[in-house]
Structure formats: structure tokens, C-alpha cells
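All remarks here apply to the structure that follows.
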Number of protein chains: 2
Amino acid sequence: MEYNVYASACPTRMIFDRISDKWALLILDRLCQQPVRFNQLLREIDGISQKMLSQTLKNLERDGLIKRQAFPTVPVTVEYSITALGKTLSSTVNVLIHWAQDNGDAVLAAQVEYDGRMAS
Amino acid sequence: MEYNVYASACPTRMIFDRISDKWALLILDRLCQQPVRFNQLLREIDGISQKMLSQTLKNLERDGLIKRQAFPTVPVTVEYSITALGKTLSSTVNVLIHWAQDNGDAVLAAQVEYDGRMAS
DNA sequence: CAGCATCCAAGATGATACTG
DNA sequence: CAGTATCATCTTGGATGCTG
């Protein structure tokens with residue numbers, strides 16, 4: 001069956017909602033490098049709250065993009081790692097990251113030009 | 001200079017905030033095909049309100065990703081088209097769209113598995 | 001036609017405190 | 001350490017009405 005990307009019920013749109021989660025992308029990118037524990041992520045992802053981290057990790061795990069593994073140490077240790085599926089998504093995300101790095105200046109310049117044009 | 005992607009002040013992060021706007025991506029993708037007028041976009045992008053459309057178009061124009069052109073007809077006609085910069089972004093966005101189309105089922109399956117695992 | 005201004009409801013998020 | 005629960009806040013976005 002063919003889906004209309006612009007319709008709400010479209011599966012692609014559902015995935016776009018996940019993809020459009022800033023924290024999810026940052027976490028995914030971070031886990032792509034190596035498995036990381038909860039509090040370490042909390043420290044490294046600048047600006048994220050414990051609540052959002054917890055919530056985002058749960059979503060990512062539910063989507064099969066990351067894997068949660070708890071070790072029976074005292075106190076408990078939990079390690080989050082990326083899955084094969086998550087890796088493939090991360091690759092496409094990296095394309096966007098590189099675009100941003102390459103074109104950040106151009107966007108910034110456009111903003112300055114726009115603001116000047118509108119002010120007058 | 002090197003930026004830390006995880007820091008709030010990072011330019012890449014700023015761009016990510018734009019990219020993470022669902023409406024912006026959909027509009028960009030639509031304009032990539034051909035120039036479209038305001039009300040036509042309003043009809044085609046399912047679920048978007050006039051307010052959001054107006055707001056998103058303004059942001060995209062400010063970022064230099066789309067171009068707004070008004071024609072002095074009665075009543076006025078406004079056409080939005082994609083810029084060269086916007087086209088390059090759209091290309092990378094398309095990679096994501098294809099990923100979503102290819103992996104939607106896998107994500108769905110993961111969700112079902114997760115929900116079942118958590119319910120027990 | 002192509003918007004802008006206003007009001008308001010709902011959801012997202014932060015801060016804080018508590019737990020196995 | 002790795003979370004959960006609760007409350008307060010703050011943003012977001014929809015609905016409506018008006019305008020050049």
C-alpha cells in the first residue's frame with residue numbers, strides 16, 4: 001500500500017516524530033561511539049534533565065534503536081548501547097550533522113541578512 | 001575552532017533545532033518539487049494550522065532555505081520556492097525519509113515486542 | 001489571497017524529593 | 001547508581017476573528 005507522507009496516520013510520519021526529538025538524536029549519536037551508563041549520559045548531554053533522559057532512553061529502547069542492559073552489581077549498573085537498527089539510523093543522522101557543520105555559516109548569514117531586511 | 005555537539009551554544013545544535021521541526025521538513029520537501037502558494041500548502045500539509053504554516057515559512061525564509069516572492073495581483077499572490085541551500089538540506093532529509101520507509105516495520109515490531117515484554 | 005493578533009487549552013519540561 | 005513521583009511552569013499550538 002502507498003502512504004501519503006502528509007497524512008497523520010502515515011508510518012513515516014510516526015518515525016519522523018521520533019527523529020524530530022533532539023535528545024533522542026544526541027543520545028543515539030553518543031551511544032554510537034560506545035556503550036554508556038545512565039549518569040554518564042546525564043553528565044555528557046548538556047542541558048538534559050534526568051527526567052528527559054530517562055524518558056528518551058525508554059522511547060529509544062521501545063523503538064529497538066538502543067538496548068538496555070542491567071548488571072547485578074551493588075548498586076546496580078545499567079549500560080545502554082546502540083542496536084544494529086539504531087546504527088543504521090545514526091548513519092543517516094550523521095549526514096544531517098555534517099550538513100549542519102558545513103552550512104551553519106550560510107544559515108547564520110541568511111539570518112543576519114533577513115533580520116536587517118525586516119528591520120528597515 | 002572545534003565545537004562540542006553536546007553544548008547548547010554549538011551552531012550545529014542550533015541547526016538541529018530547526019531540523020527537528022516536523023512542519024519545516026515537510027514544507028521543505030514539498031517545495032522541493034515546485035513553488036507553491038500559501039493556501040495551497042495549507043491544504044496539502046495535512047494537520048498544519050495557518051498559524052504554524054505562517055510561522056514555519058517565516059523561519060525557513062530567515063534561514064535562507066526557502067524564498068518568498070509576492071506578485072502584485074489583486075488579491076496578492078505569494079509563491080514560496082526552495083533555495084539552493086534548502087535543496088541541499090532537502091537531499092539529506094530525503095535520506096531520513098527513505099530510512100523511515102524502509103525501517104518502519106522493524107520499529108513497529110520492536111515496539112510490539114517491548115510492550116509485550118513490559119506488560120508481563 | 002495571505003496573512004497577523006489574541007485568547008486559551010494541552011502537553012512538554014524543569015526542579016525537587018524520594019526509592020530499590 | 002539508576003531511576004520514579006509529584007508539582008509548578010512554560011512553551012506550543014489550535015481556534016477564532018480581523019485586515020491589506
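The structure displayed is predicted, hence computed values, not measured ones. Naming: A, B, ... by sequence-line order, numbering from 1 per chain. Scope of the values below: all heavy atoms of this structure, side chains included, with no hydrogens, waters or symmetry mates.
Nearest-nucleotide positions on DNA chain C place Trp23(A) closer to the 5' end than the other of Pro75(A) and Trp23(A). Take the nearest nucleotide of DNA chain D for Ile48(B) and for Arg68(A): the residue whose nucleotide is more 5' is Arg68(A).
The listed nucleotides are dT13(C), dG3(C), dC1(C); the one nearest the side chain of Val76(B) is dC1(C). When distances are taken from the side chain of Gln50(A) to each of dA17(C), dT13(C), dC1(C), the shortest belongs to dA17(C).
The nearest whole Å value for the distance from the CG atom in Asn39(A) to the P atom in dC1(D) is 5 Å. Rounding to whole angstrom units, CD of residue Gln40(A) and P of dA2(D) are separated by 9 Å. Rounded to whole Å, atom P of dC4(C) lies 8 Å from atom CZ of Phe38(B). We find that CD of Gln55(B) is positioned 8 Å from C1' of dT12(D), with the value rounded to whole Å. Distance Arg43(A) CZ to dG3(D) C1': 15 Å, rounded to the nearest Å. The NZ atom of Lys51(A) sits 19 Å away from the P atom of dT19(C) (whole-angstrom rounding). With rounding to whole Å, Met52(B) atom CE is found 9 Å from dT12(D) atom P. When rounded to the nearest whole Å, the span between CG of Leu53(B) and C1' of dG13(D) equals 13 Å.
Residue Lys22(B) qualifies as enclosed at atom NZ: its count of foreign heavy atoms under 6.0 Å is above 12.
Among the heavy atoms of the strands lying under 4.0 Å from Tyr80(A) are primed sugar atoms or P, OP1, OP2 only; no base atom is included. Among the atoms of the strands shown, only primed sugar atoms or phosphate atoms (P, OP1, OP2) are found under 4.0 Å from some heavy atom of Lys58(A).
Taking hydrophobic clusters as Ile, Leu, Val, Met, Phe, Trp and Tyr residues chained together by side-chain heavy-atom distances below 4.5 Å, Leu89(B) does not share a cluster with Val95(A). No single ILVMFWY cluster, assembled from side-chain heavy atoms under 4.5 Å apart, contains both Leu28(B) and Tyr114(A). Under a hydrophobic clustering in which Ile, Leu, Val, Met, Phe, Trp and Tyr are joined whenever their side-chain heavy atoms come within less than 4.5 Å, directly or via other members, Trp99(A) and Val93(B) fall into the same cluster. Residues Phe38(B) and Val76(B) share a single hydrophobic cluster, defined by chaining ILVMFWY side chains whose heavy atoms lie under 4.5 Å apart.
Annotated stems with DNA chain D as a participant read C:1-20 with D:1-20, given as range with range, by first number; only runs of 3 or more Watson-Crick or G-U pairs under 3.5 Å qualify.
Using a 4.0 Å cut-off, some side-chain N or O of Ser54(A) falls inside it from OP1 or OP2 of dT4(D).
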